[in-house]
Amino acid sequence: MITKDTGNYLFPEGFLWGAATAAYQIEGSSMADGAGASIWDRFSHTPGNMRDGDTGDVACDHYNKWREDIQLMKRLNLQAYRFSVSWSRVMPEGRGAINEKGLAFYDRLVDGLLEAGIEPLCTLYHWDLPAALDDRGGWLNPDIADWFADYGQVLFEKFKGRVKTWGTINEPWVIVDGGYLHGALAPGHRSAFEAMIAGHNILRAHGAAVKRFRQVGEGDIGIVLNIEPKYPASDRPEDEAARRRADAQMNRWFLDPLMGRGYPQELEDVYGEAYRDFPQADFDLIAQPTDWMGLNWYTRSVPENAPDAWPVRARPVKQVQHAHTETGWEVYPPALTDTLVWLHEQTNGLPLMITENGSAWYDPPHAIDGRVHDPMRVEYLKNHLKAAHDAIGKGVDLRGYMAWSLLDNLEWSLGYSKRFGITHVNFQTQERTIKDSGLLYAEVIKSNGGVL
Ligand code: LGS
C-alpha cells in the first residue's frame, strides 16, 4: 500500500479528469422518439439472459434527466464526460434513414456539456448494435465495416467542431468473448468460428470509421481496448504457455493487428480449426494510424494451465491475499502501472487515456446520515490514481482519467445488482446521491491530484 504524504501526486498540467457511461446502461427510453431496437433490447427481454430479469427500459432515465446529470457532473468538478451514442436511436435500421429526433438528443447533450464547460468524449459503439443489423448477420457480416463508417460519418459531420475526441469501438474483446464466444452478452452466441469472424469485422469497422473520419471529421480518433495483464502463476512451462495464450486471446488479439502486427501466433493455438487468416488488405485497413488509445482497466489475472477450459485452456488462480470487488475481481493497483508502461511501449508512445476504471461494491445510502459511504471504492480510486501517476513518472504519455462510472447503472447481464457509480442511484426514485468516492474525486480534480 502506498502511504505518502499529500502533494506527491500532482498530475501534469492539462490532465483531463472525467467520468464515463454508456448509452444502454444509463439512458432508458430506448424505443422513444422513433428509435429502433438494439440487440440489448432484444437480449434483455429474452427470459433467462438477465439477472433478476432486469432490462435497460428505464435504467437511470438519463434520456430525460440529462440536464440534471450535467449539473451533477459540475458538482463533481468533471472536466470531461465520456458517453456513447446509441446507433439505433440515430439510425433505427442501422443504415439509411436518420432519426432526427434521436440525433437531437445527443445534440442537446453535447451543447449542454459545452455550456457547462465539460468536454464531450464520444464513443460510437458501446455494444448496442441495431437489431435490424443483427438480422443481417451483425458483426458476422463483412458489410458492417461500411455500415459502421456511414453511421460514424453522420456523427462526425453533426458534431464537427463540438466533439473533438472520438472513440470508435468500446472493448472489441468483450463484444466478441461475451457476444459470440461464451454468449453471456448480446447477441448471446457460442461459437469459436463466429468469434474469429466477428472480431475481425469489428477491427475492420474500426479501420473504416477512422478512414472516414480523416475524410469528413475533425479532431482526434482512437479505439478503446480492455487490457487485463496476465501474470505468471508459476515457472512451469505449461503455465507460461497458458499465460501467453490468455494474453494473446484477451489483449493481443486486438492490439497487435491495430499496431500493424497481424494476429498473434498463439491465437491459432487457442482457436484451432476455427482460426482464420484474412487478406493483407484487411490488415492494412485495420492498422489505420490513430491519434490516441483508450484503456479500460479493472484488474489483472494470474492464469494457470487448464486443459478443460475452452477454448483458451487457461484458468485464473484466485489471489486470496488481496481484496476482491463485488464482481469477484482482484484489487491489485500495481498492475495498472505495469499495463500503462507496457501499452506505451506496444503503441510506440501513442497518447493514452484511461477511459474506464472503477469497482463495484455494495453501498446503500447510510441509514443515519443519508450519505453513501463507500470506503472500498475510495481506496480503489486513490490507489489506482496513484498507480496511474506512477506510470506517468515512468514516461507514459497519459492524458486523462475517466472514472467508471458517473452513475450506478445497468451492469449488462448482471442487471442493477452491481453498482460501479461514484454517484448512487436509487432505481425506485431515480434520486442521485454523490458517494464518498465522488466527493473525494471532486477534490482530486480540484487539486489536480494534490489531495492524493
Ligand atoms: O459496465 C462495464 C464495465 C464494468 O466492468 C462497461 O460497460 C464496460 O465497458 C467494461 O467492460 N466494464 C467492466 N469491465 C471489467 C472487465 C473485467 C473482466 C474480468 C473478467 C473475470 C472473469
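Counting convention: from 1, in listed order, for ligands and their atoms alike.
Each of Arg252, Arg313, Arg245, Arg243 was checked for a salt bridge (charged side-chain N to carboxylate O under 4.0 Å, His left out) with Glu266, and the lone residue meeting it is Arg252. Considering Arg419, His373, Arg377 in turn, Arg377 is the only one that fulfils the side-chain hydrogen bond (donor to acceptor under 3.5 Å, both in side chains) rule with Asp363. The side-chain contact (heavy atoms from CB on, under 4.5 Å) with Phe420 is formed by just one residue from the set Thr21, Leu407, Thr327; it is Thr327.
Heavy-atom separations between Asn226 and ligand 1 are all 4.0 Å or longer. Not close to ligand 1: Lys418, with no non-hydrogen atom less than 4.0 angstrom away.
More than 12 non-hydrogen atoms from other residues, nucleotides or ligands lie less than 6.0 angstrom from CZ of Arg162.
Using bins of under 30°, 30° to 60° and over 60° for the plane-to-plane angle, the ring pair Tyr63/Phe105 lands in the tilted bin. Ring planes of Trp166 and Phe159: tilted class, angle from 30 to 60°.
Ranking the protein heavy atoms by distance from atom 6 (C) of ligand 1 puts Glu356 OE1, 3.5 Å first. When hydrogens are left out, the protein atom nearest atom 1 (O) of ligand 1 is Glu411 OE1, 2.6 Å; that is the closest non-hydrogen contact. Of the protein's heavy atoms, Glu171 OE1, 2.5 Å lies nearest to atom 11 (O) of ligand 1. Scanning the protein for heavy atoms near atom 21 (C) of ligand 1, the closest one is Trp329 NE1, 3.6 Å.
Residue Asn409 does not touch ligand 1, judged by heavy-atom distances below 4.0 Å.
Each of the atoms 18 (C), 19 (C), 20 (C) of ligand 1 lies under 4.0 Å from some heavy atom of Glu228. Residue-ligand proximity, His126 to ligand 1, at heavy-atom distances under 4.0 Å covers atoms 6 (C), 7 (O), 8 (C), 9 (O). Of all atoms in ligand 1, numbered sequentially from 1 with element shown, those under 4.0 Å from a heavy atom of Asn170 are 9 (O).
For Trp404, a nitrogen or oxygen atom sits less than 3.5 Å from a nitrogen or oxygen atom of ligand 1, counting backbone and side chain alike. Considering backbone and side-chain N/O atoms, Thr299 never comes within less than 3.5 Å of an N/O atom of ligand 1.
Here the side chain of Ser191 pairs a donor or acceptor atom with the backbone of Glu194 at under 3.5 angstrom.
Aromatic rings from Trp253 and His200 are positioned such that their centres are separated by 6.0 Å or more.
A salt bridge does not link Arg236 with Glu304: none of the charged nitrogens is closer than 4.0 Å to a carboxylate oxygen.
The protein reaches atom 3 (C) of ligand 1 closely, with a heavy atom under 4.0 angstrom from it.
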